[in-house]
Amino acid sequence: MTRVPRQSAWRPLMVMSVAAAALLGLTGCGGDVAAKEGVSTTPSTSASSTSASASASSSAPPSASSPQGTPANTAPAKPSEPPQQQNCPLPQTGFDCDFQQRFAAAQAYVAKRPGTVGIVVRDRQTGAVWRNDHATTPVWTASTIKLAMSVNLFLRDRAGSIHLSDEDRSLIQAMLHSSDDNAADTLWFRYAGDDHLTFNNAFPGYGMTSLAPQRGFSKFYPYWGFQKCTPDDLDRLINYVLGSLPGDLRDYIVGQLSAVDPDQQWGVWGAGPAAQPGNKDGWSDEQGGSVMNSVGFVGPGHRYTLAVMNSLNGEGGQEVGRVTDSQVAKLIFGGRF
């Protein structure tokens, strides 16, 4: 709005300047006068240009060349990659940043707990796997081996090599639901074969390739109650159940693990009800101290599996291990679903 007065004052001055320059040019002195007159007109021209620029700036966004504001063709700054990597401590696992932070928290937690704790987490959808530093440490299986026994008995019955009676099926249900030791004994002695190796010969086929029966603890060898495996073995076993068993057998076992007796509602169960957990736990006092183990699944469609084996090494009792295993599941999956 300030442009009109400045322009109206400038025009008469320019007319007078041009006339004077023409008159003096005839006398040969026009060059110096014109130069001086030109200097006198410069402020008015600059003021007009500045005024025009100010007016334009108030009604239009900054251009790409404007020194003020964000350039029109430049996107807002994004965080650089290094800070993101710093916030995601385990990118090599293939899990998202939230899970990576959870894994780091779980590892920091178990590092301060009694004994050794091996952990394996698997995403069945993407194939990503996280293992901690004790995932390959052999630990007494305790009752987790009853899951492998159930798989073997069902598959042998399906193949026709044995015929499971109603009593046998009830015993399998008792092993899975309440981890009944007497049921496991009856089935082991009944179906281990003349050389006692029928179960153990089959277990590697379910992923338990490191499983090793232990001598010197029972007259009947091998015996389900005295064997060692690793968290990796349990991880492969639960994934065999979920991914390789015939559908009806899988659904039966999943149903049992999802509705276990209160004595098994710990470990993977610690992920919380929203995670829809299912698990097979194992606990015992062994040579070297108590062991508390848990293997199972969580999440919609049983997407994730978790195997935890805690060998307390004489540094604590069963309740201590039960708390450790449950807290691991909570740290990794609590609030995720």
Side chain to side chain contact (heavy atoms under 4.5 Å, CB included) with Phe189: which residues, sequence neighbours excluded? Asp185, Phe220, Tyr223
Polar side-chain atom of Asp325 near backbone of Val268 as donor-acceptor pair, under 3.5 Å: no
With sequence neighbours left out, the residues meeting side chain to side chain contact (heavy atoms under 4.5 Å, CB included) with Ala105 are none
Checking the side chain of Asn310 only, and the main-chain atoms of Gly118 only, is there a donor and an acceptor separated by less than 3.5 Å? no
For Leu197, check side chain to side chain contact (heavy atoms under 4.5 Å, CB included) against everything at least two apart and list the hits. Asp195, Asn201, Pro222
For the pair Phe226 and Trp140, name the ring-plane relationship: parallel under 30°, tilted 30 to 60°, perpendicular over 60°. perpendicular
Taking side-chain hydrogen bond (donor to acceptor under 3.5 Å, both in side chains) as the definition, give me every residue that meets it alongside Ser170, ordered by chain and number, with sequence neighbours left out. none
Non-neighbouring partners of Gln173 that pass side-chain hydrogen bond (donor to acceptor under 3.5 Å, both in side chains), sequence neighbours left out: Gln256
side-chain hydrogen bond (donor to acceptor under 3.5 Å, both in side chains) involving Asn200 - partner list, sequence neighbours excluded: Gln227
Once ring pair (Phe, Tyr, Trp, His ring centres under 6.0 Å) is applied, what residue pairs with a partner in residues 142-165 remain, sequence neighbours excluded? Phe154-Tyr252
Ser143 side-chain N/O to Lys146 backbone N/O, donor-acceptor pair under 3.5 Å: no
Cluster partners of Trp266, using ILVMFWY side-chain heavy atoms under 4.5 angstrom, listed by chain and number? Trp283, Met292, Leu312, Val320
Quick one: list whatever passes side-chain hydrogen bond (donor to acceptor under 3.5 Å, both in side chains) with Asp232, sequence neighbours left out. Arg131
What pairs with Asp235 under salt bridge (Lys or Arg N to Asp or Glu O under 4.0 Å), at least two apart in sequence or on another chain? Arg122
Please give the remaining members of the hydrophobic cluster of Trp269, linking ILVMFWY side chains under 4.5 Å, ordered by chain and number. Val260
Asp133 meets the side chain to side chain contact (heavy atoms under 4.5 Å, CB included) criterion, sequence neighbours left out, with Gln107
